[in-house]
Amino acid sequence: MRESDVIVIGGGLAGLMAAATAARQGKKVTLLTKGAGTLTVGSGVIDVLGYVNATAVISPYQSITALSADHPYTIMGRETVEQGLESFLAICREEGYPFTGSLHQNIWLPTVAGTLKPSCLAPESMNPLGMECAAKVVVVGFQGLKDFYPRLVVKGLKHSAPYRSNYHIVGIDLQLTGGRDVTFLDIARRLDTAEGRGSLVKCLSAHVGSGDWVLLPPVLGTEPDYNIWKQLEQELGCRLVELVAPPPAVTGSRLHKLFVRHLRRLGVNIVENAFVRSADCSKHHCRAVISQGLGREREYFADAFILATGGFLGGGIIAEPGRVYEPIMGLPVETYAAWKMWSKHDLFACTGQMFGRTGIRVNRQLNPIDSRGEIVLQNVYLAGKMLAGYDYCLEKSGNGVAVVSGYQAAIMALAGVKGC
Amino acid sequence: MLKHKCLDQCIACTACTVQCPVTAAAREFAGPKMVGPALERFRLFDQDIEISADYCTNCKNCDITCPSSVPVSLFSTLAKAQYRRQNGKSLRDWILVNGEMFARLASPVASFANITMNNAVVRTMLRAVGIADRPLPKYAEKNFYRQFAELKQQRFPDKVVFFPGCYIGYNDPRVGMDLVAILQASRYEVIVPDVVCCGTPAVANGYLELAEEKARRNLRELRRWAREGWPIVTCCTSCGLTLRQEYCELFRANGADEVASQHYDAGEFLLEMLEQGRLNSEFIPLAGKYLYHAPCHLRAQGIGLPSLELLQSIPGCEVNVADAGCCGIAGSYGFKKDKYDIAMKIGERLFTKIKDSQADMVVTECGTCRIQIEYATGVKAVHPVSLFKQALRFDWVG
């Protein structure tokens with residue numbers, strides 16, 4: 001059967017970043033995915049570190065040192081975090097959809113809930129820097145759009161510095177009639193067309209002028225480029241900002257498209273709908289992973305394997321009463337406490353939930369290790385939410401850990417591959 | 001796992017709706033999450049009918065997308081069948097579902113049938129029943145079964161069971177004959193079993209009773225060959241997916257698992273032959289620029305894009321992936337008058353990509369994808385097996 005240098009299992013951001021990193025080094029990479037991953041519905045902004053001990057982080061670079069010893073960032077090291085993010089930025093630049101931001105300074109991104117969310121890297125069309133000097137801020141609502149209430153946005157932002165200026169609300173009807181609910185994606189698809197953009201400009205131009213800023217949900221087209229954003233800014237003569245939104249957030253889907261395009265360009269063999277069920281491992285070495293979805297089993301051989309199958313949500317770690325396990329390789333899962341202690345009654349407790357940090361412990365090379373610190377499988381590297389020791393909900397670090405550990409897992413896998 | 005209805009695994013993340021080509025093109029469609037798992041919860045208690053289920057093309061992008069292994073398309077198909085049962089059958093859909101019957105009737109008089117189909121009177125009649133005003137696929141002068149029967153095969157101990165399917169059987173037999181030629185040259189004897197239409201159109205149109213009849217009929221025959229251990233090969237990705245998924249998932253029919261586990265897509269089988277050094281041939285460099293389009297029903301099979309890998313192994317062959325989504329035709333869907341515009345809109349991204357690519361030819365496994373691509377772009381489309389055969393040098397006397 002076919003043999004690859006590196007096999008990546010998991011098509012979320014960690015897996016995509018790992019596959020891209022290995023392929024950029026000229027390696028033969030196979031990416032096995034089951035489902036398109038939550039990236040396709042998420043906001044796609046890269047939160048690196050938003051909060052430590054319930055306190056907002058100004059510079060993730062500075063605050064990384066405050067994290068515990070078993071945190072993935074601490075294990076990989078601050079330089080690796082820097083390199084991983086640099087590489088991510090380079091990929092986005094090469095694909096014509098550059099992200100803005102720096103590890104040294106968080107950006108407060110306005111959301112559709114009228115809150116500000118600390119993030120690190122974001123699409124340029126989401127960058128609110130400079131809005132404090134706006135002549136006025138116009139929040140655009142769309143007829144029939146669910147999960148977006150301009151008054152809620154205004155109410156929230158008025159109370160959070162530095163945007164206390166002059167807010168206006170403009171409602172636009174893009175004639176998305178009949179059938180189902182209108183989502184962000186429906187509006188974005190309408191704005192993909194010249195006709196849709198024409199009606200937006202027509203409705204909006206009477207309400208905005210130069211020096212104004214316009215806040216919209218993430219609807220400026222479905223493709224990973226800034227053509228629509230730039231065109232509309234030019235035609236309206238003002239600045240446009242897309243807000244962070246819940247699914248289907250469009251911005252995440254753009255990033256997903258960008259990565260898939262990048263991987264295809266690099267010749268990565270992407271196998272969709274491949275459900276990896278088990279692995280052929282002996283002693284400390286993995287020989288192959290075995291997929292079975294429809295029909296018979298298939299073996300995929302490689303020198304190194306990157307497991308990026310996610311946490312509880314992605315199915316990379318499975319919890320049952322009294323039992324937590326990793327289903328493919330049977331790796332030891334760190335749960336930190338007896339299972340009755342996993343959750344607290346207070347769902348939003350600022351100390352987080354125990355299950356949030358559950359995952360697989362790794363060494364510096366991102367190999368899985370057991371409770372004694374011994375390497376379980378030498379040619380297997382882990383990335384993303386399956387790593388133990390961090391709670392992305394609490395600290396706002398989900399995509400940051402995904403990008404950096406995806407990058408690092410590939411670098412370590414290549415260092416481990418014979419002849420590299 | 002796929003064989004059970006994993007309804008509670010749906011966490012309503014909307015990933016399926018985001019990736020659904022029909023949802024993108026038609027506001028009338030409530031989307032796979034709604035038509036499938038969300039409303040299925042109501043259907044468990046009540047005879048809740050979702051009219052928009054009829055918009056689903058059964059392209060399987062929802063299944064490919066779902067991160068929680070929910071058989072989304074299964075729920076939509078069951079909903080469609082329920083709608084069909086309660087709202088009666090339409091003559092138009094009955095015609096489309098029974099394409100094989102018409103092909104059998106027309107095949108002996110193919111030239112006459114081809115002229116008649118496009119005759120003004122017949123076209124008016126077709127329009128009246130709701131068939132779109134676009135050229136219907138032509139029947140081959142000599143169908144695959146006749147060509148194959150006339151072939152003097154060399155006998156070999158290794159056998160391959162080839163399931164041609166309706167389109168190769170009656171419209172595009174060359175693909176089948178090309179596969180037979182490659183296999184014979186590589187010392188395989190080809191068996192064409194006594195099968196009928198796989199049932200894809202029946203499934204897609206909600207005629208599940210008819211599809212099940214075909215499934216049981218085919219499985220009785222195919223199981224025999226599967227038990228002897230011979231690979232069952234398809235060139236049509238929809239036939240392949242139906243043998244592999246629908247028979248197990250929808251009907252849990254006897255022998256479905258055995259057949260599914262012996263099934264190979266032709267590209268997959270040839271790639272394995274190539275890797276095992278079994279391909280008894282040398283390559284002739286194949287000049288030209290090709291654009292490969294992956295049919296949705298291949299992507300759903302979880303085997304990657306074997307034909308692409310196969311073509312990339314040909315020296316001189318420049319082949320790129322279109323990666324521009326569904327072509328929109330979905331078998332019979334694009335031939336329906338009320339769905340025609342949606343089908344064309346779904347394919348727009350692909351058509352633009354093809355026109356911009358300046359490729360000499362599009363390569364894709366699915367017969368109706370080829371029809372749609374040639375119709376919408378004017379660029380010639382071929383099956384990868386046919387292209388692959390052109391790149392092989394072998395002396396084979398049939």
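Just so it is clear: chains get the letters A, B, ... in the order the sequence lines come, proteins before strands, and each one is counted from 1.
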Residue B:L243 versus chain A: region with a heavy atom under 4.5 Å: neither

Quick check on B:Y55 against chain A: is it the side chain, the backbone, both or neither that has a heavy atom closer than 4.5 Å? neither

Answer with side chain, backbone, both or neither: which region of B:T65 has an atom nearer than 4.5 Å to a non-hydrogen atom of chain A? both

How about A:E195: does its CD atom have over 12 heavy atoms from other parts shown lying under 6.0 Å from it? no

Contacting moiety of B:L241, where chain A heavy atoms sit under 4.5 Å: side chain

Options B:I64, B:D63, B:L308, B:T17, ranked by heavy-atom pairs under 4.5 Å with chain A, top entry: B:I64

Pairs of heavy atoms under 4.5 Å with chain A: top-ranked of B:A256, B:C13, B:A24: B:A24

Under 4.5 Å heavy-atom distance to chain A, tell me which part of B:T23 shows up: side chain, backbone, both or neither. both

Note: B:A15 and A:T40 closest approach over all heavy atoms is CB-OG1, 4.1 Å

Minimal non-hydrogen separation, B:S69 against A:F275, with atom names: OG-CE1, 3.4 Å

Heavy-atom distances under 4.5 Å only: say whether B:Q19 touches chain A with side chain, backbone, both or neither. side chain

Give the minimum heavy-atom separation between B:G302 and A:V271, together with the two atoms involved. O-CG1, 3.7 Å

Side chains of A:E223 and B:R349, heavy atoms from C-beta outward: is any pair under 4.5 Å? yes

Whatever's closer than 4.5 Å to a heavy atom in chain A on B:A294 counts as neither

Take atom OH of A:Y325 as the centre, draw a 6.0 Å sphere, and report whether it contains more than 12 heavy atoms from other residues, nucleotides or ligands. yes

B:R299, B:M34, B:E28, B:K60: which one forms the most heavy-atom pairs within less than 4.5 Å of chain A? B:R299

Residue, of A:L176, A:T30, A:D181, that accumulates the most heavy atom pairs under 4.5 Å with chain B: A:L176

Testing the basics here: between B:P67 and A:G37, what is the closest heavy-atom pair and its distance to 0.1 Å? CB-N, 4.4 Å

Contacts table for residues 182-192 of chain A: side-chain donor-acceptor under 3.5 angstrom, sequence neighbours left out:
unit_1: A:T183; atom_1: OG1; unit_2: A:L185; atom_2: N; d: 3.3
unit_1: A:T183; atom_1: OG1; unit_2: A:D186; atom_2: N; d: 3.3
unit_1: A:T183; atom_1: OG1; unit_2: A:D186; atom_2: OD2; d: 3.1
unit_1: A:D186; atom_1: OD1; unit_2: A:R180; atom_2: NH2; d: 2.8
unit_1: A:D186; atom_1: OD2; unit_2: A:T183; atom_2: N; d: 2.9
unit_1: A:R189; atom_1: NH2; unit_2: B:V18; atom_2: O; d: 3.1
unit_1: A:R190; atom_1: NH1; unit_2: A:L174; atom_2: O; d: 2.5
unit_1: A:D192; atom_1: OD1; unit_2: A:T222; atom_2: N; d: 3.0
unit_1: A:D192; atom_1: OD2; unit_2: A:T222; atom_2: OG1; d: 2.6

Is the number of heavy atoms from other residues, nucleotides or ligands under 6.0 Å of B:I51 CD1 greater than 12? no

Which atoms of A:L32 come close to chain B, meaning under 4.5 Å heavy atom to heavy atom: side chain ones, backbone ones, both, or neither? neither

Could you tell me which of B:V321, B:D323, B:L305 has the largest number of non-hydrogen atom pairs under 4.5 Å with chain A? B:D323

What part of B:E258 lies closer than 4.5 angstrom to a heavy atom of chain A: side chain, backbone, both or neither? neither

Do the side chain of A:R296 and the main chain of B:H263 share a donor and acceptor less than 3.5 angstrom apart? yes

Working to the nearest 0.5 angstrom, can you tell me the gap between A:E272 CD and B:L298 CG? 9.0 Å

What are the two closest heavy atoms between A:N273 and B:A300, and how far apart are they? ND2-O, 2.7 Å

Hey, does A:R298 have a side-chain heavy atom less than 4.5 Å from the side chain of B:I303? yes

A:T177 and B:R27 have their tightest heavy-atom pair at O-NE, 3.3 Å

